[in-house]
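Both ligands and their constituent atoms are indexed starting at 1 by order of listing. Here, residue 1 is the first one in the sequence, and each next residue gets the next number.
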Amino acid sequence: MLRLDKFLSGANLGSRSQVKGYLKKGLVKVNGKVVREPECKIEEGKDRVSFRDKEIVYKKYVYYMLNKPKGVVSATRDPAQKTVSDLLKDTGYGDLFPVGRLDKDTEGLLIMTNDGEFAHNLLSPKKHVDKVYYVEMAGSLSEEGQKALEEGVDIREEKLSLPAKVERVSDTVIYLTITEGRYHQVKRMLKAVGNEVVYLKRTAMGGLVLDESLPVGSYRELTEEEMRKIKI
Ligand code: URA
């Protein structure tokens, strides 16, 4: 059972407060009768809810693309800092969690969902899901540095980093594709070749590409086509 206002905002009708406005105006019906109480309980799959006489389908799982800004931590809750989940408060789905982490100072593509199995699959080290990063560096990347990144470098763990793909934009800017997600991985890889990351942004993950028209700090639901691309 689910509150009617949550059901409606979860169906992307608007924020919880917008939805309350629709309810007040009598635009929502449950099983054919106008209901104005946001706390009315809905049984998903049984009760029929309509808005302006059009039936609404509630989704159990939702998947959003967030263009993560700097200064926000990749967590659901934090006592002192703003989290990525705080940015998606208005979806009506409660705390959505990030699929993996980006550092506080990293920007770019972060998938936010309430589907634990989906997240688990995407993050499983066995799946080797591609992650693409746009990397600006403090110094020039030498040919040897590039070759080392492509072959695997010592990031002060038991194993070297797995072979990565490097695409040069300029001497100090690259796209780096990695198939792992170890802590501070890109920064540590660049450090291993005597360089330093000055700006980092994730641009793709598992075939899903960051929508560059999405302003930093904004989010939107993944389209069906994007879902087909990312399903693994
Ligand atoms: N690698 C890093 O060093 N930081 C990130 O945020 C992501 C990958």
Salt bridge (Lys or Arg N to Asp or Glu O under 4.0 Å) against K201, all qualifying residues, sequence neighbours excluded = E212

Contact residues of ligand 1, where a non-hydrogen atom lies under 4.0 Å away = L102, D103, T106, Y133, H184, Q185, V186, K187, L200

The reported gap from CZ in R220 to CD in E226 (rounded to nearest 0.5 angstrom) is 4.0 Å

Applying salt bridge (Lys or Arg N to Asp or Glu O under 4.0 Å), name anything that partners K29, two or more places apart in sequence or on another chain.
-> D53

According to the interplanar angle, ranging from 0 to 90°, do the rings of F51 and Y22 count as parallel (below 30°), tilted (30 to 60°) or perpendicular (above 60°)?
-> tilted

Note: K59-E221 ion pair, threshold 4.0 Å (strictly below) | yes

Which salt bridge (charged side-chain N to carboxylate O under 4.0 Å, His left out) pairs, counting each pair once, include a residue from residues 40-50, with sequence neighbours left out?
-> R48-E55

